[in-house]
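Encoded as structure tokens, the structure appears first; notes follow it.
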Amino acid sequence: MAAETADPIAGEEDGRRDFDFLFGTWRVHNRTLRTASGGLGAEWAEFGATLRSGPLLGGLGNLDQFSVKAMPDGRPLEAIALRLFVPATRLWRITWASTGWPGHLDPPVEGRFTDGRGEFRGDDELNGQPIKVRFEWTGVTTSSPRWQQEFSFDGGQTWQLNWIMELSRAG
């Protein structure tokens with residue numbers, strides 16, 4: 001396998017520092033759809049979490065550790081988001097794993113920031129049905145950034161918002 005080498009210091013304006021705003025510890029207010037299945041009449045659940053984020057690989061990656069003491073169903077949840085920057089394409093690849101689905105790593109979403117807004121897209125499946133996934137980051141230059149996730153059940157023609165995270169610095 002050929003390895004791509006990159007100077008971790010060179011090209012810092014190429015997008016590799018886009019997630020530096022996230023480093024540290026955050027309180028997270030979450031809103032999620034109880035059932036993200038593309039149907040109408042969805043009920044939202046709210047819960048708190050802690051997020052810790054830091055750099056990896058000389059700035060070419062970062063890792064979030066997401067912790068929930070009690071989800072709406074009462075169970076705890078631990079998760080990670082791994083982000084890797086590809087200098088050649090100036091794109092980020094983001095993957096997710098959690099105790100909610102042990103041993104599984106979600107397929108990556110891929111994208112970049114433009115004018116302070118990050119958009120990342122990918123393909124996945126839900127209950128055996130192929131879906132498109134879109135992540136969006138906004139407010140990254142403020143003290144309360146926001147992340148949201150949307151699913152498309154029709155190939156990207158329409159999108160259903162199903163998870164919102166509003167962050168505030170902890171302590």
Q) What residues, two or more places apart in sequence or in another chain, satisfy salt bridge (Lys or Arg N to Asp or Glu O under 4.0 Å) together with D124? A) none
Q.
Which residues pass the salt bridge (Lys or Arg N to Asp or Glu O under 4.0 Å) test with R121, not counting sequence neighbours?
A. E119
How many angstroms lie between atom [atom1] of [X] and atom [atom2] of [Y], to the nearest 0.5 angstrom?
X: W159; Y: F153; atom1: CH2; atom2: CZ; value: 10.0 Å
X: L167; Y: S144; atom1: CG; atom2: OG; value: 9.0 Å
X: S168; Y: W26; atom1: OG; atom2: CH2; value: 8.0 Å
X: I164; Y: T32; atom1: CD1; atom2: OG1; value: 9.5 Å
X: Q157; Y: S152; atom1: CD; atom2: OG; value: 7.5 Å
X: L51; Y: M165; atom1: CG; atom2: CE; value: 7.0 Å

Could you tabulate the donor-acceptor pairs under 3.5 Å formed by side-chain atoms of residues 69-88, not counting sequence neighbours?
unit_1	atom_1	unit_2	atom_2	d
D73	OD1	R75	N	3.1
D73	OD2	R75	NE	2.8
E78	OE2	S67	OG	2.8
R83	NH1	N62	OD1	2.6
R83	NH1	D64	OD1	3.1
R83	NH1	D64	OD2	3.3
R83	NH2	D64	OD2	2.5

Q. Residues two or more places apart in sequence or in another chain: which of them pass side chain to side chain contact (heavy atoms under 4.5 Å, CB included) with E125?
A. none
Q) V133 and L126: same hydrophobic cluster, using ILVMFWY side-chain contacts below 4.5 Å? A) yes
Extract all donor-acceptor atom pairs below 3.5 Å that involve side chains of residues 90-97 and protein atoms in other chains or at least two apart in sequence.
unit_1	atom_1	unit_2	atom_2	d
W92	NE1	G15	O	3.1
R93	NE	E110	OE2	2.7

(Q) For F21, give me all partners under ring-ring contact (aromatic ring centres under 6.0 Å, His included), at least two apart in sequence or on another chain. (A) W137
Q) Looking at residues at least two apart in the chain, or sitting in another chain, which of them share a ring-ring contact (aromatic ring centres under 6.0 Å, His included) with F120? A) F19, F113
Q) For the side chain of D14 and the backbone of R16, is there at least one donor-acceptor N/O pair under 3.5 Å apart? A) yes
Q: Any pair with a residue in residues 133-150 that passes salt bridge (charged side-chain N to carboxylate O under 4.0 Å, His left out), sequence neighbours left out, goes on the list, sorted by first then second residue, please.
A: R117-E136, R134-E150, R146-E166
Q) Among pairs that include at least one residue of residues 151-160, which meet salt bridge (charged side-chain N to carboxylate O under 4.0 Å, His left out), considering only residues two or more places apart or in two chains? A) none
Q) Thinking salt bridges, do D18 and R112 make one under a 4.0 Å N-O criterion? A) no
Q: Apply side-chain hydrogen bond (donor to acceptor under 3.5 Å, both in side chains) to E46 and list each qualifying residue two or more places apart in sequence or on a separate chain.
A: H29
Q: Could you pull out all residues at least two apart from W44 that satisfy side-chain hydrogen bond (donor to acceptor under 3.5 Å, both in side chains)?
A: none
